Amino acid sequence: MLRSAVVVLCLLFLTACTAAPIPGATSSAPQPAATASGVAVPTPGKALSAKPTTPPSPRESLVLATDAAGADLLVINPADPGSPLEQRIPVGQAPWDVAVSGTRAFVSTAEGMAVVDLEERRRTSLIPYANPAGSISHGEYRPGGTGIAVSADGSTVFVAVLRADGTSVLEKMDVQDGRTVGTVEVGLRPFDILLSADGSEIYTIDHDSFSIHVINTETLAARRIEVAPFGTQGGLASWEKPHYGAIDDAGNLLLPYQGLALAVVDPASGAVSVEEMTANSHQHGTALVDDTLLVVGTGAFGNATGSPNLTVRDTASGDERILPLDRLHETVVPWVDPGTGKAYALLSGGYTRDGSWPGITVVDLETFEQRELAVPGRPQSLAVMP
């Protein structure tokens, strides 16, 4: 998914964690030997420091969240712990993901792709899918739009759409014309899609297909790359599958698996290398800020046997800090408090399986202290308003 949060953040890691083996991993590069050992617990006040940054204006403090259990886009002020929910904007049933360009937000719902004017705080249009859901429902397996990305100029939106028969397509939408102008088959249930820095390619993270698809944004020509650090055994029943990802400065895709493996995918060559991770927790939401990767762990599933946590990883060194969490979460975005200039991670409580809760966890990325914001509904995907 394209995230609109642009935050100047540099995290320094003072200790390294012990590596862990990646059983059955497949890679085009040598893989590290590792064991799923314990995780490192951060030392408050010492693990991280943020380099000086100009605090954003109060307008930049606001965050958008999709209420996956309802039909609204939520406007949230994380700097107001007493009353963080500022407004509900009706967008369409079962909104999944949100992307921002300029003064507009684009939301993938079960009904269509909603266009929201952020200055007027209202939906201005709902573009129907070329592959409509048929019947409207809620939950992780509901038909309709999932991952979404928008071009830099806001004229074109790409939405992954789960069909009623369980197959998936990517739809390319012209915002001004209000219609889908092209579709292409992709892997099953893309939770997330990512747009390359130059806007020439879209990458679908195909949750149930152990793959990504690399798609030319002009022609929609597509090719598949298998990404399966733990193999494809178990098929649809497997837990060792991708959810969300990020793109580094070199254009590589970073896909975390189970808190045990980080798949680094070169979309140009199709090469996949695997790096060790130490969280030992089934991983969902992912965000990259400068050289720091933030990954949400949801606990023991499949070959992951640990507890819910947040990984803070230096992508240059591979060093990780693991922060235990008391709640389950789905996605993560970086955020800077406009009053203090301090850097935080915001974690959404709208976990797509059992265990979701109506709120957001705010994590101080210097001290690792946590606090919760009460946000009604099921806040699933987050984006910072520019």
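Please read all numbers here as calculations on a predicted model, not as lab measurements. Heads up: numbering here begins at 1 and tracks the sequence.
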### Task
Apply the test salt bridge (charged side-chain N to carboxylate O under 4.0 Å, His left out) to residues Arg179 and Glu171: give CA-CA distance (whole Å), side-chain angles for both, the deciding distance (0.1 Å), then the verdict.
CA-CA 10 Å; Arg179 64 187 182 92; Glu171 296 199 16; over 6 Å; no
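- Every residue two or more places apart in sequence or in another chain that forms a side chain to side chain donor-acceptor pair (under 3.5 Å) with Ser348 is listed here: Thr331.
- Residues satisfying the side chain to side chain donor-acceptor pair (under 3.5 Å) criterion with Thr183, sequence neighbours excluded, are absent altogether.
- The local environment of CG in Asp177 is crowded, with over 12 non-hydrogen atoms from other residues, nucleotides or ligands closer than 6.0 Å.
- Listed by chain and residue number, nothing satisfies the side chain to side chain donor-acceptor pair (under 3.5 Å) test with Ser108 (two or more places apart in sequence, or in another chain).
- Qualifying ring pair (Phe, Tyr, Trp, His ring centres under 6.0 Å) partners for His282, counting only residues two or more places apart in sequence or in other chains: Trp239, His243, His284, Phe301.
- The six-membered or imidazole ring of Tyr351 lies away from that of Trp357, with a centre-to-centre distance of 6.0 Å or more.
- Hydrophobic cluster membership differs between Tyr257 and Phe210, with clusters built from Ile, Leu, Val, Met, Phe, Trp and Tyr side chains linked at under 4.5 angstrom.
- A salt bridge links Glu275 with Arg313: at least one charged nitrogen is closer than 4.0 Å to a carboxylate oxygen.
- Between the side chain of Arg142 and the backbone N or O of Gly145, at least one donor-acceptor pair lies under 3.5 Å.
- Not counting sequence neighbours, Glu218 has no partner by the salt bridge (Lys or Arg N to Asp or Glu O under 4.0 Å) test.
- For residues 110-161, there are no ring pair (Phe, Tyr, Trp, His ring centres under 6.0 Å) pairs, not counting sequence neighbours.
- Arg189 meets the salt bridge (Lys or Arg N to Asp or Glu O under 4.0 Å) test with Glu140, Asp208; sequence neighbours excluded.
- A salt bridge links Lys342 with Asp364: at least one charged nitrogen is closer than 4.0 Å to a carboxylate oxygen.
- Contacts of Thr217 classified as side chain to side chain donor-acceptor pair (under 3.5 Å), with partners at least two apart in sequence or in another chain: none.
- By the neighbour-count criterion of 12 heavy atoms within 6.0 Å, atom CG of Asp165 is densely surrounded, having more than that number from other residues, nucleotides or ligands.
- Listed by chain and residue number, Glu372 satisfy the salt bridge (Lys or Arg N to Asp or Glu O under 4.0 Å) test with Arg327 (two or more places apart in sequence, or in another chain).
- Evaluation of the salt bridge (charged side-chain N to carboxylate O under 4.0 Å, His left out) test over residues 258-267, restricted to residues two or more places apart or in two chains, returns none.
- In this view, Asp67 and Arg88 satisfy the salt bridge (Lys or Arg N to Asp or Glu O under 4.0 Å) rule, not counting sequence neighbours.
- In this structure Ala160 satisfies the side-chain contact (heavy atoms from CB on, under 4.5 Å) test together with Thr146, Pro190, Ile193, sequence neighbours excluded.
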